Number of protein chains: 2
Amino acid sequence: MVDVARHAGVSLKTVSRVINDAPHVQQSLIDKVLASAAELGFRPNRLASTLRSGQSTATIGLLIEEIANPFYSTIAAVAAEVARAHDTLLITASSEEDPEREQQLLRDLCSRRVDGLLVVPAGDDHSFLRAEVEMGIPVVFLDRPATGLLADTVLLDNRGGARAAVQRLLDAGHRRIGILLDSIGVYTMRERLSGAQEALAQAGVAYDLTLVREGVRDPMTAAVATAEMLDRSDPPTALFTLNNRITVGAVQELWRRESDAALVGFDDFELSHLMPRPLTVVAYDVREFARTAAELLFERVNRGQTWPRTVVLPTQLLERGLSLAPAPATKARRTRAH
Amino acid sequence: MVDVARHAGVSLKTVSRVINDAPHVQQSLIDKVLASAAELGFRPNRLASTLRSGQSTATIGLLIEEIANPFYSTIAAVAAEVARAHDTLLITASSEEDPEREQQLLRDLCSRRVDGLLVVPAGDDHSFLRAEVEMGIPVVFLDRPATGLLADTVLLDNRGGARAAVQRLLDAGHRRIGILLDSIGVYTMRERLSGAQEALAQAGVAYDLTLVREGVRDPMTAAVATAEMLDRSDPPTALFTLNNRITVGAVQELWRRESDAALVGFDDFELSHLMPRPLTVVAYDVREFARTAAELLFERVNRGQTWPRTVVLPTQLLERGLSLAPAPATKARRTRAH
DNA sequence: TGAGCACGTGACAACGTTATCAACCCAATG
DNA sequence: CATTGGGTTGATAACGTTGTCACGTGCTCA
């Protein structure tokens with residue numbers, strides 16, 4: 001700007017005024033300054049502008065697990081949309097489920113003075129963010145609640161959805177239901193598992209731990225876990241997969257071996273209705289979910305502090321046919337008699 | 001930092017040193033400064049740091065069409081991965097195919113002093129970036145070449161892939177091949193269509209414009225276009241869909257009406273092998289594609305100027321079965337006799 | 001003993017911008 | 001004619017940080 005000012009024969013401040021469309025500048029000077037700026041290839045530096053004026057950076061941070069997962073990429077897309085409506089850009093960072101990395105990324109984002117944070121928490125202690133929150137950086141937690149910190153949170157009705165899913169399988173006559181889940185350390189997995197247990201308990205069906213397979217991280221391991229479960233001498237007649245990645249792996253394996261086990265998955269996904277087997281899913285509106293969180297964030301960015309709110313969005317059992325349980329008094333029964 | 005310095009009874013510079021782990025500071029002072037910083041809730045301001053030191057912002061910008069499309073979200077994921085390996089964060093912005101918006105976003109990213117830009121160009125004139133490129137902001141174009149500007153570019157062998165696809169359909173005996181594409185204004189669509197034409201010409205099959213449907217933007221319109229094409233009195237016996245979104249829509253419609261038309265799609269996608277109909281696709285390694293571009297970018301970021309390079313990645317016809325053309329001398333033949 | 005050097009510390013300017021305020025011009029007012 | 005006031009312009013300080021340099025201390029080495 002100094003160079004432009006010298007070149008145009010005006011003061012620094014006048015250049016600033018022209019660049020910012022400020023009033024009270026002669027047209028002739030405006031033209032001169034713009035010409036000089038163009039000639040010298042002047043590019044405004046937003047960092048300096050932000051620093052001096054104390055304005056916002058027009059940036060928000062989104063911390064998720066991994067963008068490649070369609071669940072998170074949809075969230076990222078919606079967050080970017082909402083951000084755009086507020087003339088804001090989005091920095092997306094992946095924690096890869098690593099609490100240390102999460103903390104480091106959040107600190108980094110804070111030091112970049114983002115206007116707000118949208119966080120799918122991975123770690124189990126977010127008290128290090130307390131100072132930020134108290135100092136007024138808006139934070140909204142998504143999909144999982146933060147621990148050690150009060151803040152806006154948007155969740156799904158994981159428990160209710162899982163309960164309905166298992167309920168449905170029980171109604172169809174299934175008694176041996178295999179459950180595949182990612183790490184029990186993840187909030188959503190715990191909740192969904194609890195919901196499943198509630199449904200079993202309510203139906204008076206014993207909770208068989210050997211039918212629960214934890215630590216299923218991706219479609220590949222889900223396929224393996226499915227295979228192992230079906231290869232048992234007393235295989236389940238139905239599977240309940242606790243997230244979309246696991247469901248995909250289970251579908252592949254069931255299809256490969258032409259098994260007729262029933263399958264209900266948590267999370268809907270594109271093309272789920274075209275799967276080679278009838279696939280009932282616990283569905284919800286991911287975009288609505290993400291939009292709620294993003295709008296909560298901007299509300300806080302624009303209006304300032306309020307009491308932390310928690311929003312829980314409903315889920316819906318989307319039935320696409322469900323193979324029935326085999327006739328009673330088969331292996332399953334006998335096994336349970338042991 | 002001034003407050004911390006006063007509180008700790010040291011100079012500003014000493015605080016700076018402590019914060020940056022600079023050598024030559026007594027342990028006792030380090031402790032005192034850290035204690036004061038913690039007590040006052042000091043958070044370093046990277047903007048100021050970057051401004052003063054002239055260091056990089058450790059940020060790159062990614063400009064794509066829309067993150068919700070799995071093709072782009074994979075690119076974003078890989079870009080973020082590569083960026084992370086260089087301790088850099090990623091700002092993702094969507095142009096929504098709007099050239100004006102694209103230009104505005106690119107300017108914005110430049111004014112934020114990103115270290116580099118990864119761009120899937122939407123507009124048809126990128127000369128406005130020439131100044132940036134010449135002043136040393138590294139830019140890599142992805143998926144489509146930039147116009148009016150020399151810069152690194154990473155492309156797919158669109159033409160070759162499309163040629164192979166149509167070739168394969170012709171080999172299977174198909175003579176009436178419907179082609180569904182997004183806007184002809186998009187580079188990849190033009191290239192793929194050209195490849196298809198080349199294969200037809202080589203086989204001596206006339207190029208029938210009525211079998212080409214342009215402007216198919218999403219799965220929904222693809223399904224409609226598919227329906228319309230199959231409802232003709234002289235329907236095609238095979239379809240070639242020119243991107244993943246169109247393929248999805250076509251699969252849905254073919255499946256819905258239990259048509260036995262053959263289908264080959266450009267772009268592979270997750271679960272494509274589980275589709276209810278055999279689906280042959282022109283596949284390529286999206287992650288490799290994105291990684292190539294991102295690494296080209298960081299090479300330029302770190303090593304500075306070199307001559308612009310263009311990389312073209314190969315595609316591969318992934319055959320998953322293809323229904324054969326109907327017996328000769330059917331409708332299709334008769335129609336061509338007109 | 002004194003030069004040389006490594007270490008430890010702080011004063012000050014600077015990065016590129018904007019806020020503040022003073023100064024100027026000129027027309028309108030009393 | 002002096003006074004007011006709006007429009008226009010610029011000098012200067014400041015945003016939060018780091019680079020530069022100068023200074024003091026204590027040690028080593030010839």
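Within every chain, numbering begins at 1; the chains are lettered A, B, ... in the order of the sequence lines, protein sequences first and strands thereafter. This one's a predicted model, so the numbers in the text were calculated from it and none came from an experiment.
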*Please check the phosphate of C:dC15 (OP1 and OP2 only) for any side-chain N or O of A:Asn45 closer than 4.0 Å.*
no
*Listed nucleotide nearest any side-chain atom of B:Ser11, set C:dG8, D:dT18, C:dA11*: C:dA11
_Sugar-phosphate, base or nothing in reach of A:Gln26, heavy atoms under 4.0 Å_ = sugar-phosphate
*asked:* Just the rounded figure in Å: distance from P of C:dG8 to CD of B:Gln27.
replied: 11 Å
*B:Asp124, CG atom: more than 12 neighbouring heavy atoms under 6.0 Å*: no
*Would B:Arg84 and A:Glu96 count as a salt bridge (Lys or Arg N to Asp or Glu O under 4.0 Å) if you check the C-alpha gap in whole Å, the side-chain angles of each, and the deciding distance to 0.1 Å?*
CA-CA 12 Å; B:Arg84 163 163 159 61; A:Glu96 320 284 345; 5.6 Å; no
*With a non-hydrogen cut-off below 4.0 angstrom, is B:Arg17 in contact with a base, only sugar-phosphate, or nothing?*
base
*Specify the separation, in whole Å, of atom CE of B:Met1 and atom P of C:dG10.*
12 Å
*Assign B:Arg113 to base, sugar-phosphate, or nothing according to its heavy-atom contacts below 4.0 angstrom with the strands shown.*
nothing
*asked:* As a test of reading the structure: which of C:dA19, D:dG16, D:dT18 is closest to the side chain of B:Ser53, going by heavy atoms?
replied: D:dT18
*Taking atom P of D:dA13 as reference, at what distance in whole Å does atom CG of A:Leu12 sit?*
14 Å
*Check the distance between D:dT18's C1' and B:Asp21's CG and give it to me in whole angstrom.*
15 Å
*The side chain of A:Leu51 lies closest to which of these nucleotides: C:dG10, D:dT17, C:dG16?*
C:dG16
*If you measure from CZ on B:Arg46 to OG1 on B:Thr59, what distance do you get to the nearest 0.5 Å?*
7.0 Å
_Measure CD1/B:Ile19 against P/D:dG19 and give the value in whole Å, please._
14 Å
*Between B:Arg43 (CZ) and D:dC15 (C1'), how many Å, whole number?*
20 Å
*Look at the side-chain N and O atoms of B:Thr14 and state whether any lies under 4.0 Å from the OP1 or OP2 oxygen of C:dG10.*
yes
*asked:* I want to check one thing: is the phosphate of D:dT17, taken as OP1 and OP2, less than 4.0 Å away from some side-chain N or O of B:Ser49?
replied: no
_Distance (rounded to the nearest 0.5 Å) between B:Leu106 CG and B:Arg101 CZ_ = 10.5 Å
*Is the count of non-hydrogen atoms from other residues, nucleotides or ligands lying under 6.0 Å from B:Asn302 atom CG greater than 12?*
yes
*asked:* Measuring from the side chain of B:Arg52 (C-beta onward, heavy atoms only), which nucleotide among C:dT17, C:dC15, C:dA11 has the closest atom?
replied: C:dC15
*Take the protein atom CG of A:Asn20 and the nucleotide atom C1' of C:dT17, then report the distance between them rounded to whole Å.*
9 Å
*Describe the nucleic acid contact of A:Pro23 in one word from base, sugar-phosphate, nothing, applying a heavy-atom distance below 4.0 Å.*
nothing
*Taking for each residue the nucleotide of DNA chain D bearing the nearest heavy atom, is the 5' side occupied by B:Gln55 or by A:Leu29?*
A:Leu29
_Could you tell me how far apart B:Ile30 (CD1) and C:dG8 (P) are, to the nearest whole angstrom?_
9 Å
*How long is the span from the CD atom in B:Glu295 to the NE2 atom in B:His86, to the nearest 0.5 Å?*
7.0 Å
_If you only use heavy atoms from C-beta on, which nucleotide in C:dG16, D:dT18, C:dT18 is closest to the side chain of B:Lys13?_
D:dT18
*Indicate whether OP1 or OP2 belonging to D:dT17 is found under 4.0 Å from a side-chain N or O atom of B:Ser16.*
no
